[in-house]
Asker: 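Before we start, here is the structure in question, set down as structure tokens.
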Amino acid sequence: MSSDKVSRFPYPFSSDVYRYSNNSLLLDPPIAIEVTPEYEDEITLKRKLLTDCHSRCYQSLPHTLQAQWEVVSVVLHHLAETYPASFTLDKKENLWTFTNHILNETATFMFGDAGTLPIEPLDFVGRHVQEDLIVMGQRDNDLFLDAGQLCFPANWSLQFNLGMNFVEIHTPIPGFSADRLDEKIRNFIMRLENGQPWVRRNWSLNAGHKLDSSLETFHLWGQKRKEITAENAGQEVYLRVEVQKLFRLPRTHAVLFTIHTHLISLQELSLNRDYAKQLYHVLVELPDFIADYKGMKLFRGQTINYLHNLFNEAGC
Ligand code: HEM
């Protein structure tokens, strides 16, 4: 038995062993955004977070306006071309009219003139997609986090990371600089070509259904991890997968990094027995330093027991 949610879930594993690597693949088709059945709920949550905690969820350096307009162009074209029944884009020279038919909203603005939008271009366009949107500027042979709209972070802070370079951003990850993996991945991104985007899947486990697990609100959601038992893990533990895409922006040579976060409870994931078995093996084998960094120290054992019991009860 399998559910629609499991079959469309971006399952992240290709083997029973997980290690950090450059697991990027060429993105085919080359589309930055995906609209899922969770669209309206997630956009509502995103907009609430942006209203309530704007500086936590949106940051930009002043020189990024041109790159932000490039992101507007990529995202609106992809929405209109991929989901024409839900989004339309009408262009009369620089006068653009974008209609979001799901939300029944229309915006008209002069492309390239930030004064014709009520908020910054990146902030505007991010409110129409489930993805978080990060702009990495490329200069001085390096990549810098120059702007972002980030509502659903996996325990990191946009405000803290703004202006950092790629290697600095990844410093907290244990073992990530071994064999200069961090520099190799940075150099790979710096060679990114226009029209040849890449995609990768990052994963972790969440205690509770929580998309907005920001570092700033850790005290609110982190405690949930202490409540996990082998009995409730099926409902309370979620596999969290981020589908991350990298696009070259041709005019500014910046990089657009999109993050689409998906959550599925282990109970629902286990409708696919192969997935549940493989997750069990990955969790059993995972070195402590990766499990601890991913924040599952307090409930890895309980989650393993839950998955183990599933197969014992089923007699297989
Ligand atoms: C260029 C855009 C990227 C940005 C802005 C970015 C940002 C981040 C951030 C903020 C974290 C969390 C660090 C923390 O704990 O504070 C992270 C984790 C990580 N990043 Fe990136 N990243 C990017 C691209 C990539 C790419 C292309 C790869 C690999 C090919 C990668 C691999 C990783 C890995 C393995 C982790 C640890 C995740 C985990 O274990 O759950 N990143 N990244």
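Indexing begins at 1, ligand by ligand and atom by atom, following the structure's order. For clarity, every value in this text was computed on a predicted model and none was experimentally measured.
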Asker: Specify the protein heavy atom at minimum distance from atom 31 (C) of ligand 1: its residue, its atom name, and the distance to 0.1 Å.
Answerer: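 The closest heavy atom on the protein side is Arg200 NH1, 3.5 Å.
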Asker: Which atoms of ligand 1 sit under 4.0 Å from any heavy atom of Ile189?
Answerer: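 Atoms satisfying the 4.0 Å criterion: 1 (C), 27 (C).
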Asker: Could you grab the protein N, O or S atoms closer than 2.8 Å to atom 21 (Fe) of ligand 1 for me?
Answerer: His170 NE2
Asker: Tell me, please: is Phe176 in heavy-atom contact with ligand 1, that is, under 4.0 Å?
Answerer: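 Yes, Phe176 has a heavy atom closer than 4.0 Å to ligand 1.
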Asker: For atom 23 (C) of ligand 1, what is the nearest protein heavy atom, given as residue, atom name and distance?
Answerer: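 Sorting protein heavy atoms by distance from atom 23 (C) of ligand 1 puts Phe257 CZ, 3.4 Å first.
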Asker: Does the pair Arg139/Asp146 count as a salt bridge with the N-to-O cut at 4.0 Å?
Answerer: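 The answer is yes: the pair qualifies as a salt bridge.
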Asker: Please report whether atom 11 (C) of ligand 1 has a protein non-hydrogen atom at a separation of less than 4.0 Å.
Answerer: no
Asker: State the CG-SG distance between Asp132 and Cys57, to the nearest 0.5 angstrom.
Answerer: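 Going from CG on Asp132 over to SG on Cys57, the span is 8.5 Å.
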Asker: With side chains defined as the heavy atoms from C-beta onward, is the minimum distance between Tyr306 and Gln267 less than 4.5 Å?
Answerer: yes
Asker: Relative to ligand 1, is Trp203 under 4.0 angstrom through side chain, backbone, both or neither, heavy atoms considered?
Answerer: backbone
Asker: Does Ser73 use its side chain to pair, donor to acceptor, with the backbone of Trp69 at less than 3.5 Å?
Answerer: no
Asker: If the cut-off is 4.0 Å to any non-hydrogen atom of Asn22, which atoms of ligand 1 fall inside it?
Answerer: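 Under 4.0 Å from Asn22, ligand 1 has these atoms: 30 (C).
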Asker: Should Ser21 be counted as touching ligand 1, given the test is an N or O pair under 3.5 Å?
Answerer: no
Asker: Give the atom numbers and elements of ligand 1 that come within less than 4.0 Å of a heavy atom of Ser24.
Answerer: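 By the 4.0 Å cutoff, the relevant atoms are 30 (C).
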Asker: Backbone, side chain, both or neither: what part of Asn161 comes under 4.0 angstrom of ligand 1, heavy atoms only?
Answerer: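 Looking at Asn161 and ligand 1, just side chain atoms fall under 4.0 Å.
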Asker: Does the side chain of Thr116 come within less than 4.5 Å of Trp96's, by heavy atoms?
Answerer: no
Asker: Would you find more than 12 non-hydrogen atoms of other residues, nucleotides or ligands less than 6.0 Å from Asp52 atom CG?
Answerer: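 Atom CG in Asp52 is packed in, count exceeds 12.
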Asker: Under 3.5 Å, side chain of Ser204 to main-chain N/O of Lys294, donor-acceptor pair present?
Answerer: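 Judged by distance alone, no pair lies under 3.5 Å.
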Asker: Determine all donor-acceptor pairs shorter than 3.5 Å in which one atom belongs to a side chain in residues 254-266; sequence neighbours excluded.
Answerer:
unit_1 : atom_1 : unit_2 : atom_2 : d
His260 : ND1    : Glu131 : OE2    : 2.8
Ser265 : OG     : Glu268 : N      : 3.2

Asker: Could you tell me whether His128 and Phe98 have their ring centroids closer than 6.0 angstrom?
Answerer: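 When the ring centroids of His128 and Phe98 are compared, they turn out to be within the sub-6.0 Å range.
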Asker: List the steps and the verdict of side-chain hydrogen bond (donor to acceptor under 3.5 Å, both in side chains) for Arg240 and Ser213.
Answerer: CA-CA 11 Å; Arg240 179 186 188 108; Ser213 42; 3.1 Å; yes
Asker: Report, one line per pair, each donor and acceptor closer than 3.5 Å where one atom sits in a side chain of residues 280-291; sequence neighbours left out.
Answerer:
unit_1 : atom_1 : unit_2 : atom_2 : d
Glu285 : OE1    : Arg19  : NH1    : 3.0
Glu285 : OE2    : Arg19  : NH2    : 2.8
Asp288 : OD1    : Arg300 : NH2    : 2.6

Asker: Please tabulate, for side-chain N and O atoms in residues 173-184, each donor-acceptor pair with protein atoms closer than 3.5 Å (sequence neighbours left out).
Answerer:
unit_1 : atom_1 : unit_2 : atom_2 : d
Arg180 : NE     : Glu183 : OE1    : 2.9
Arg180 : NH2    : Glu183 : OE1    : 3.0
Lys184 : NZ     : Asp179 : O      : 3.0

Asker: Using a 4.0 Å heavy-atom threshold (strictly under), name the region of Phe166 that reaches ligand 1: side chain, backbone, both or neither.
Answerer: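 Just the side chain.
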Asker: Would a line drawn from the ring center of Phe109 to the ring center of Phe124 be shorter than 6.0 Å?
Answerer: yes
Asker: Considering only heavy atoms from C-beta outward, does the side chain of Leu79 approach that of Asn100 to under 4.5 Å?
Answerer: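 A side-chain contact is absent here, since even the closest heavy-atom pair is not under 4.5 Å.
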Asker: Please list the nearest protein heavy atom to atom 39 (C) of ligand 1 with its residue and the distance rounded to 0.1 Å.
Answerer: Lys294 NZ, 3.2 Å
Asker: Is it the side chain, the backbone, both or neither of Ser204 that has a heavy atom closer than 4.0 Å to ligand 1?
Answerer: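 Neither; no heavy atom under 4.0 Å.
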Asker: How far is atom 35 (C) of ligand 1 from its nearest protein heavy atom, and which residue and atom is that?
Answerer: Tyr20 CD2, 3.4 Å
Asker: Nearest protein heavy-atom contact for atom 16 (O) of ligand 1: which residue, which atom, what distance?
Answerer: Pro172 CG, 3.5 Å
Asker: I'd like to check which ligand 1 atoms, numbered from 1 as shown, lie under 4.0 Å from a non-hydrogen atom of Tyr293.
Answerer: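 In order of numbering, the contacting atoms are 12 (C), 13 (C), 14 (C), 15 (O), 37 (C), 38 (C), 39 (C), 40 (O).
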